[in-house]
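This report refers to the structure that appears directly beneath it.
Chain letters run A, B, ... following the sequence lines, proteins first and then strands; every chain starts at 1.
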Protein chains: 2
Amino acid sequence: MAKESGMAGTGGRAAGARYRQLAADLREAIASGAYGAGGRLPSEEELAQRYAVSRGTVRQALTVLRANGLVTSRRGTRRVVLGTARTQSFFELLSFTHWARSIGEEPGGRTIDVECRPADPSECEQLALEPGAPIYRVLRLRTLSRVPTMIERTLYPERVGAMIAGLETDAVSHTEPLADLGVVFADAEHTIDLVHADTEDARLLGCAAGGPLIRERRRVTDPAGTPLAWSEDRFLPGTVAFTVHNSVATTALSRRRA
Amino acid sequence: MAKESGMAGTGGRAAGARYRQLAADLREAIASGAYGAGGRLPSEEELAQRYAVSRGTVRQALTVLRANGLVTSRRGTRRVVLGTARTQSFFELLSFTHWARSIGEEPGGRTIDVECRPADPSECEQLALEPGAPIYRVLRLRTLSRVPTMIERTLYPERVGAMIAGLETDAVSHTEPLADLGVVFADAEHTIDLVHADTEDARLLGCAAGGPLIRERRRVTDPAGTPLAWSEDRFLPGTVAFTVHNSVATTALSRRRA
DNA sequence: TGATCCAAGTTGTACAGCCAACTCCACCAC
DNA sequence: GTGGTGGAGTTGGCTGTACAACTTGGATCA
């Protein structure tokens, strides 16, 4: 169970790196209440022995848990369990479909419009394209258990958009097929604020024009930093909330003047 | 410049750890455009030599930049500059005052009400107190350049609240004095959604009752995981937006059913 | 010309060790 | 009892080494 040292290419495909397996293991243990709420984790040394890895690997795993807000970490004392936090995967944030399923709702999607046209200057900047490059624009109405919940307007560069255009018009998920086709999502930047419904929003969501909506804009890139999509979602009030964990060690959240 | 190995307690107080200094250095270099937008960073080895540190330390610094969404990072190729993102400090997220100044506005605050009373059950849970423990509740109206912008309702456990109660009633910042008194903020969990103004909100902010507001609730803890404050801020529409960076490596953001 | 292959370069993962800084508790002196 | 001291235990920070996995571009070959 702990023979080869620098492996990862042998057979254990699933979770890949040891520290990820360890992190997953610890996450599960915490979620199951093995250490109790507010309880203390074993020392790094002890974990290293128990899992037959080096202390460095243990620390790597714990860094992940720390970033997710599961445990504290301060010099001189053992780590304390902060919460049994629901760690949502990166993927669940990109895919409305995936998210809906994870909370036990039935996702739905109706594609209202797909167009391919030259990008305007601001769109070029968002997707890092040269002026006039073609883009695909997709407009969809998303539902949770048949109830209209969100309007999704997404821009894709041609390379990605062409794949989307090839999907059936009533496909529930657009993100999953892309992943299957080899598109790798790596980073995203989300901006959350409040807007008022325009007439199109109002018509599709069945709310009053001018009524408040929660807006989430996001820019998704691949591992090389190339933009893959620029999306704007508008949720009806009361359907969604966003939670961010944040610490002195890693600050992922920032606040801006609107 | 690279003599002592395990130092940190000698003289270089300011930034503390070497990897933090390095991270700050690189962040500044990126912000100044030294590597260009979309440019490539020097290799880890080269940075290690240039700064006279080990590769491990360089990697630690780069991990910080990666979590902040400043650079990509993939096996086989050099890191690419993603954006010159202004990384806001953790502190700027906790302190309205600090934030206002960082965006060049004049922060203002008027304390409307301070009370000390036994906590109700839900409050006890948020602050991890035993039933009936005393808490301080502070209600404040915050302004940006004299314009009402946000309503802040904060609960403090007795230990912290007592310090707040000792401040002058017209103090602009409450967070900064606490830091000066030795209170250390380490982690925060923020939840962002949309609410409708109640009559108190409407009266203080000068908006219509029932009008939409952006709500940010946050729970702040110290390094040991002890809750220090539970706060609910309600912003007028159009005054603020929240941005989160998020990657497959570290997922700090999650989405919930409201 | 065009596809294939290889080698250099680069990051990811893991190991081992060392010391500093800090927390916490038991013990002791007063 | 009270306060201080010291030491064991624990995490933070840094160095060094080794190899695996991957990207990229140039050389080679059909």
Side-chain angles (χ1 to χ4, degrees), chain A residues 1-13 15-23 40-49 51-66 71-80 182 184 186 222-226 247-250, chain B residues 1-13 15-23 40-49 51-66 71-80 182 184 186 222-226 247-250:
Chain A
M1 183 132 299
K3 207 165 46 206
E4 65 276 66
S5 56
M7 67 114 251
T10 49
R13 192 62 259 121
R18 304 272 281 246
Y19 79 88
R20 285 184 195 282
Q21 298 176 355
L22 218 182
R40 289 163 63 188
L41 251 52
S43 74
E44 298 175 355
E45 203 65 56
E46 192 178 331
L47 287 172
Q49 287 176 14
Y51 287 92
V53 296
S54 74
R55 193 185 149 212
T57 301
V58 172
R59 283 179 66 78
Q60 230 172 327
L62 289 170
T63 298
V64 176
L65 299 193
R66 168 122 180 71
V71 299
T72 65
S73 144
R74 61 202 251 259
R75 186 177 271 178
T77 185
R78 289 195 180 177
R79 288 183 170 77
V80 174
V184 180
D222 71 6
T226 310
S247 75
V248 283
T250 67
Chain B
M1 184 129 300
K3 207 166 44 207
E4 64 276 66
S5 55
M7 66 116 252
T10 50
R13 192 60 262 118
R18 304 272 280 242
Y19 79 88
R20 285 184 196 281
Q21 299 176 355
L22 217 181
R40 289 162 64 187
L41 251 53
S43 74
E44 297 175 355
E45 203 66 56
E46 191 179 331
L47 286 172
Q49 287 177 14
Y51 287 91
V53 296
S54 75
R55 192 185 151 212
T57 302
V58 171
R59 284 181 65 79
Q60 236 174 320
L62 289 170
T63 298
V64 176
L65 299 193
R66 168 119 180 74
V71 298
T72 65
S73 150
R74 63 203 250 258
R75 186 176 269 176
T77 185
R78 289 194 180 177
R79 288 182 171 77
V80 174
V184 180
D222 73 6
T226 311
S247 76
V248 283
T250 66

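When rounded to the nearest whole Å, the span between OH of Y19(B) and C1' of dT11(D) equals 12 Å. Atom CD of E45(A) is separated from atom C1' of dG17(C) by 11 Å (rounded to the nearest Å). When rounded to the nearest whole Å, the span between CG of L47(B) and P of dC14(D) equals 15 Å. Rounded to an integer number of Å, the gap from D222(B) CG to dC22(C) C1' is 15 Å. If you measure from atom CZ of R79(A) to atom C1' of dG9(D), you get 14 Å, rounded to the nearest angstrom. A straight line from CZ of R66(B) to P of dT11(C) spans 13 Å, rounded to a whole angstrom. To the nearest angstrom, C1' of dT13(C) lies 16 Å from CZ of R59(A). Computed from coordinates, the Q60(A) CD to dT11(D) P distance equals 16 Å when rounded to whole Å.
Among all heavy-atom pairs drawn from Q21(A) and G16(A), the shortest one is NE2-O, 3.6 Å. Contact detail for A52(B) and R18(B): the closest heavy-atom pair is O-NH2, 3.6 Å. Among all heavy-atom pairs drawn from R74(B) and P223(A), the shortest one is CD-O, 3.3 Å. Minimum interatomic distance between V71(A) and R79(A) (heavy atoms only, all atoms of both residues): CG2-CD, 4.1 Å.
Residues passing the side chain to side chain contact (heavy atoms under 4.5 Å, CB included) test with E46(A) are P42(A), S43(A), R50(A), R78(A), sequence neighbours excluded.
With DNA chain C read from its 5' end, the first of the two nearest nucleotides for P42(B) and V58(A) is the one closest to P42(B).
The terminal axes of the helix from dT1(C)-dA30(D) to dC30(C)-dG1(D), fitted over 5 pairs per end, subtend an angle of 0° to the nearest 10°.
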Could I get a table of every N or O pair under 3.5 Å where one atom is in the protein and the other is in nucleotides 23-26 of chain C?
residue, atom, partner, partner atom, Å
dT23(C), O4', G76(A), O, 3.4

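Not one side-chain nitrogen or oxygen of R55(A) sits closer than 4.0 Å to the OP1 or OP2 atom of dC15(C). For dG12(D), the OP1/OP2 oxygens have a side-chain nitrogen or oxygen of S73(A) closer than 4.0 Å. Look at R18(B) and you won't find any side-chain N or O under 4.0 angstrom from OP1 or OP2 of dA20(C). R78(A) has a side-chain polar atom (N or O) that falls below the 4.0 Å cut-off from OP1 or OP2 of dT10(D).
No donor-acceptor contact under 3.5 Å links the side chain of R20(B) to the base of dG12(D).
A salt bridge links E44(B) with R59(B): the distance from a Lys NZ or Arg NE/NH1/NH2 to an Asp or Glu carboxylate oxygen falls below 4.0 Å.
Considering CZ of R55(B) and CG of L62(B), their distance stands at 10.0 Å, rounded to 0.5 Å.
Side-chain atoms of L22(A) and V58(A), non-hydrogen and from C-beta on, do get closer than 4.5 Å to each other. Put simply, the side chain of R40(A) reaches to within 4.5 Å of the side chain of T77(A), judged on heavy atoms.
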